[in-house]
Amino acid sequence: MNTHIRHETLDPAWSVAAILDLFALPLNDLLLRAQTIHRQHHPANAVQQSRLLSIKTGACPEDCAYCPQSSRYQTAVEEAPLMPLPQVLAAAKRAQAAGAQRFCMGAAWRSPTERQLDDVVEHVKAVKALGLETCVTLGMLKPGQAERLKAAGLDYYNHNLDTSREYYSEIIHSRTYDDRLQTLQRVRDAGLKVCCGGIVGLGESREIRAGLIATLASLAPYPESVPINQLVKVAGTPLADAPDLDPIEFVRTIAVTRIVMPRTVVRLSAGRETMHDSTQALCFMAGANSIFQGEQLLTTPNPRVEADAALFERLGLVPMPDQPRADAATAAPAATSGPTTLKSSTNEEAPAC
């Protein structure tokens, strides 16, 4: 079945070829351009801190080649049922005390049932009552489910594209690219903010990374939140032996994302635990302005809160204000180095990138 989703008519400057031209800039030029655009839309040295909790772990029927929670692979992840509300609420309070501004809850489902969603709705209501921003990632959503989450007070729904359409079948076979786009459309139609990004280091080419960024930028509007994940290689998954991605290439990916989607919050997400502090510093210079804090990111390691605090102090970074100056849905465009103002949206079939 064909999936229809609104896409923006992008300036031709943000074609895949033009995005590849950005990737090819001298690093100093690329960082200068990204940082200049970043400062026109966001506080210069402010970074949002979020916490991600796995509220239902393992036994996922999907076959995502990077994921240790898939039931198809033999990994060290132990299956755990949906976490009871008091336990989730206690974790949210600890996160808030440690400086988290957003609390994200992830459940390893292909798609939640209505009964499962009943429980998640109560989780969202309770976390929202603490004054935290709320985000969930639950897999694909059925008609009406995004509206229920919106009514509960959910702020963001996360559903990553992971990679470009051309490379997608190398990574996932159990759901289609259009399945993902359909869920994103349901989220947007319900009035929720979209958190959608991808994973780099999957063995993909630079052109594939450019294709992912172009697809994200073509969504109407582009996501308010774009997590850029570096593959965390887990024993037992098909990508356990994937080649390492050059850290400078990762920094370039952050910078290009910032230039092409100037008003989004660019999230430096999975993979930070193995990143050198200097790489993270370059990512912040390139326009990343959010991290996930806490010792665990769903089921994989993440830097300790104390380590992040020490890094922030060394770099002079501060928490993002409670009300960011702009986001992708509401901000008025400012002048930037290069074309960043997106044109009106149209209803069209999702292109093949």
Side-chain angles (χ1 to χ4, degrees), residues 5-38 40-42 160-168 170-171 177 180-181 184 194 196-231 245-269 282-283 285-289 328 333-343 345-346 348 350-353:
I5 184 167
R6 289 190 293 273
H7 285 258
E8 299 212 352
T9 304
L10 284 179
D11 189 298
W14 295 145
S15 65
V16 172
I19 291 173
L20 284 170
D21 287 342
L22 288 178
F23 266 102
L25 286 172
L27 183 63
N28 285 342
D29 294 349
L30 180 61
L31 292 181
L32 176 60
R33 183 167 174 180
Q35 181 61 205
T36 299
I37 289 175
H38 178 79
Q40 290 169 343
H41 296 273
H42 305 272
N160 291 333
L161 291 178
D162 290 343
T163 188
S164 76
R165 183 184 288 273
E166 291 80 1
Y167 197 64
Y168 186 81
E170 298 293 323
I171 306 301
Y177 211 69
R180 291 183 182 266
L181 290 171
L184 291 174
V194 170
C196 180
I199 307 171
V200 297
L202 300 171
E204 79 285 353
S205 66
R206 177 180 281 184
E207 184 173 3
I208 293 298
R209 288 189 284 279
L212 168 65
I213 294 170
T215 302
L216 292 169
S218 76
L219 300 178
Y222 58 70
E224 290 87 352
S225 169
V226 176
I228 302 296
N229 299 275
Q230 179 173 270
L231 174 67
L245 184 70
D246 176 16
I248 297 301
E249 184 69 11
F250 185 86
V251 173
R252 287 182 181 277
T253 305
I254 296 287
V256 171
T257 301
R258 169 53 67 217
I259 292 167
V260 174
M261 292 174 279
R263 297 185 300 277
T264 195
V265 173
V266 178
R267 302 191 175 278
L268 182 56
S269 299
L282 285 172
C283 287
M285 185 180 296
N289 57 344
T336 62
S337 174
T340 58
T341 302
L342 300 178
K343 300 178 183 178
S345 64
T346 59
E348 59 183 31
C353 295

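Side chains are part of it too, since the values below use all heavy atoms of this structure and drop only hydrogens, waters and symmetry mates. All figures in this text were calculated on a predicted structure; none of them were measured in a lab. Counting begins at 1 with the first residue of the sequence.
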Closest non-hydrogen atom pair, [X] against [Y]:
X      : Y      : result
Gly197 : Val226 : CA-CG1, 4.0 Å
Ala34  : Ala286 : CB-O, 3.3 Å
Ala217 : Val260 : CB-CG1, 3.5 Å
Leu231 : Gly201 : CD2-O, 3.2 Å
Pro223 : Leu216 : CD-O, 3.4 Å

- Task: State which residues pass side-chain hydrogen bond (donor to acceptor under 3.5 Å, both in side chains) with Gln230; sequence neighbours excluded, sorted by chain then number.
- Result: none
Could you tell me whether the side chain of [X] and the main chain of [Y] form a donor-acceptor pair under 3.5 Å?
X      : Y      : answer
Arg263 : His41  : no
Asp162 : Ile199 : no
His42  : Thr264 : yes

How long is the span from the [atom1] atom in [X] to the [atom2] atom in [Y], to the nearest 0.5 Å?
X      : Y      : atom1 : atom2 : result
Ile171 : Ser164 : CD1   : OG    : 9.5 Å
Ile228 : Leu212 : CD1   : CG    : 6.5 Å
Arg258 : Gln35  : CZ    : CD    : 9.5 Å
Met261 : Ser218 : CE    : OG    : 9.5 Å
Asn289 : Ile254 : CG    : CD1   : 10.0 Å
Thr253 : Phe23  : OG1   : CZ    : 4.0 Å

Heavy-atom side-chain proximity of [X] to [Y] below 4.5 angstrom:
X      : Y      : result
Ile208 : Thr163 : yes
Tyr222 : Val194 : no
Glu207 : Glu166 : no
His38  : Val266 : no
Tyr177 : Leu161 : yes
Arg252 : Arg209 : no
Ile259 : Trp14  : yes
Met285 : Val251 : no

- Query: Mind checking what makes side-chain contact (heavy atoms from CB on, under 4.5 Å) contact with Glu170, not counting sequence neighbours?
  - Reply: Tyr167
- Message: Walk me through whether Val200 and Glu249 qualify under side-chain contact (heavy atoms from CB on, under 4.5 Å).
- Response: CA-CA 10 Å; Val200 297; Glu249 184 69 11; over 6 Å; no
